[in-house]
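Notes to accompany the following structure.
Fair warning: this is a prediction, and the values are worked out from it, not measured in the lab. Note on naming: letters A, B, ... go to the chains in the order of the sequence lines (proteins, then strands), and numbering restarts at 1 for each one.
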Protein chains: 2
Amino acid sequence: MLLSKSCIYGMRAALYLASSSNNKYISIKQISNDLDISPHFLTKILQELTRVDLLESQKGPTGGVRLKRAGDEVTLVEIVAAIDGMDLLTECALGLPGCGTAKPCPLHEQWADTRDEIKKMLQDTTLSDLVRKGKEGNLRITADGSFDWLPKEN
Amino acid sequence: MLLSKSCIYGMRAALYLASSSNNKYISIKQISNDLDISPHFLTKILQELTRVDLLESQKGPTGGVRLKRAGDEVTLVEIVAAIDGMDLLTECALGLPGCGTAKPCPLHEQWADTRDEIKKMLQDTTLSDLVRKGKEGNLRITADGSFDWLPKEN
DNA sequence: CATATTTAAGACCATCTTGTCTTAATTATA
DNA sequence: TATAATTAAGACAAGATGGTCTTAAATATG
Ligand code: FES
Ligand code: FES
């Protein structure tokens, strides 16, 4: 798998938050309900994103989480880096230590190119890009397509 | 991680076998020694490659494993498919079921492109390609670079 | 035929990821 | 201030992956 489940959940939650026009706090419970993700598990993941300042949180009633920066300034690679780390984008495809330094492996040339494509894709895509696309095409971020990109004004 | 450890080990062993000019049986013990991989674990992996007819094996003294087809006719994607399956090359980046069919996810466009790059790379690269490159550049397929692409004529 | 060597098969354990649960700390609101 | 709602923190369980070990089956060789 390219990305861990934690990372995928984190991305989907970030998209959810970026789709909220007014940047109010939204409870993790609501997110987990709407995206059909285990609430406790999602809490742990979003705590990590809060720790690295991608989100900010508030406790208590009316509390929740929200993006700390505008959605068009957050790229996917930041979420991947926060949760899965940069290993995918730096390591040897054959698992050998120190990709690129000194002797590379025979796959290095091909993999370095491919890896750059992945990296570029993650670096060039912002949350807002995906939200825009999602709203226009009514695309899904849940298994059953239940999430409908409603502007959340509550 | 892009590929599982099993898959990486299988690839490195396949490269090892493809580097042997005369296509004699080579014992898994020797491979595991030269590539510094746990012999029992490697045995299990190579059994899988034998099961799908990428390798053939013989028991007993002078036995071992060897490529069933010529190295220039075996592409990396076959090894990946045999060990990790095709999930990486068919599934949704956000983990949603049925990528591409019906409603895609917002990442689909970008991911489908990137995924095709990975697929193309794996499909276009043969074991012989990598062996040639490895021999020319004296590249490594072990952590410490101890494997030296000697023609094995024993 | 007896023996040693090798792969085949599968039980078993360790480690990592995923997911659940409990408790504590914080905070809006009546 | 008391209460309820919420995030924070971390223990714990379940499942997947990685890795070890034992036994069986096959086979070359003396
Ligand atoms: S050294 Fe193997 S991919 Fe760079
Ligand atoms: S539907 Fe998500 S990547 Fe294709």
(request) Please say whether more than 12 non-hydrogen atoms of neighbouring residues, nucleotides or ligands are located less than 6.0 Å from CD in B:Gln123. (result) yes
(message) Can you measure A:Gln47 atom CD to D:dT6 atom C1' for me and round it to whole angstrom units?
(response) 11 Å
(message) Without decimals, in angstroms, what is the distance between A:Lys59 NZ and C:dA24 P?
(response) 13 Å
(message) So, OP1 or OP2 of C:dG19: does either fall under 4.0 Å of a side-chain N or O from A:Tyr9?
(response) yes
(request) Please determine, for the side chain of A:Phe41, which listed nucleotide (C:dT27, C:dT20, D:dG19) has the closest atom? (result) C:dT20
(request) Please determine if a side-chain N or O atom of A:Gln58 lies less than 4.0 Å away from the OP1 or OP2 oxygen of C:dA28. (result) yes
(request) Report the distance from atom NZ of A:Lys29 to atom P of D:dA4, rounded to the nearest whole Å. (result) 16 Å
(request) Taking only the side-chain nitrogens and oxygens of A:Thr62, find out if one of them lies under 4.0 Å from OP1 or OP2 of C:dA28. (result) no
(request) Could you tell me whether the side chains of B:Gln110 and A:Lys120 share a donor-acceptor contact shorter than 3.5 Å? (result) no
(request) Using a cut-off of strictly less than 4.0 Å, decide whether B:Lys5 has a side-chain nitrogen or oxygen near OP1 or OP2 of D:dG19. (result) yes
(request) Using atom CD of B:Glu56 as one end and atom C1' of D:dT27 as the other, report the distance to the nearest whole Å. (result) 16 Å
(request) Measure from CZ on A:Arg12 to C1' on C:dT18 and round the result to the nearest Å. (result) 15 Å
(request) Consider only side-chain heavy atoms of I, L, V, M, F, W and Y, link residues closer than 4.5 Å, and tell whether A:Leu35 and A:Leu46 are in one cluster. (result) yes
(request) For A:His40 and for A:Met1, locate the closest nucleotide of DNA chain C by heavy-atom distance; then report the residue assigned to the nucleotide nearer the 5' terminus. (result) A:Met1
(request) Nearest whole angstrom, please: distance from the C1' of C:dT7 to the CD of B:Gln30. (result) 15 Å
(message) Can you tell me if B:Ser38 touches the phosphate of D:dT20, counting only side-chain N or O atoms and a distance under 4.0 Å to OP1 or OP2?
(response) yes
(request) Using whole Å, report how far CD1 of B:Ile45 lies from C1' of D:dG19. (result) 9 Å
(message) Just N and O in the side chain of A:Thr50: are any of them under 4.0 Å from OP1 or OP2 of D:dT7?
(response) no
(request) Please confirm whether the backbone N or O of A:Val131 pairs with a side-chain atom of A:Trp149, one donor and one acceptor, at under 3.5 Å? (result) no
(request) Tell me which of A:Lys44 and A:Gly63 sits closer to the 5' end of DNA chain C, going by the nucleotide each one is nearest to. (result) A:Lys44
(request) Measure from the side chain of A:Pro61, starting at C-beta and using heavy atoms only, and say which of D:dA26, C:dA28, D:dT7 lies closest. (result) C:dA28
(request) Would you mind classifying the nucleic acid contact of A:Leu46 as base, sugar-phosphate or nothing, using non-hydrogen atoms under 4.0 angstrom? (result) nothing
(message) Could you tell me how far apart B:Glu48 (CD) and C:dG10 (C1') are, to the nearest whole angstrom?
(response) 14 Å
(message) Can you see whether A:Ser4 engages A:Asp84 through a side-chain donor-acceptor pair at a distance of less than 3.5 angstrom?
(response) yes
(request) Verify the contact: side-chain N or O of B:Ser57 to OP1 or OP2 of C:dT6, cut-off strictly under 4.0 Å; return yes or no. (result) no
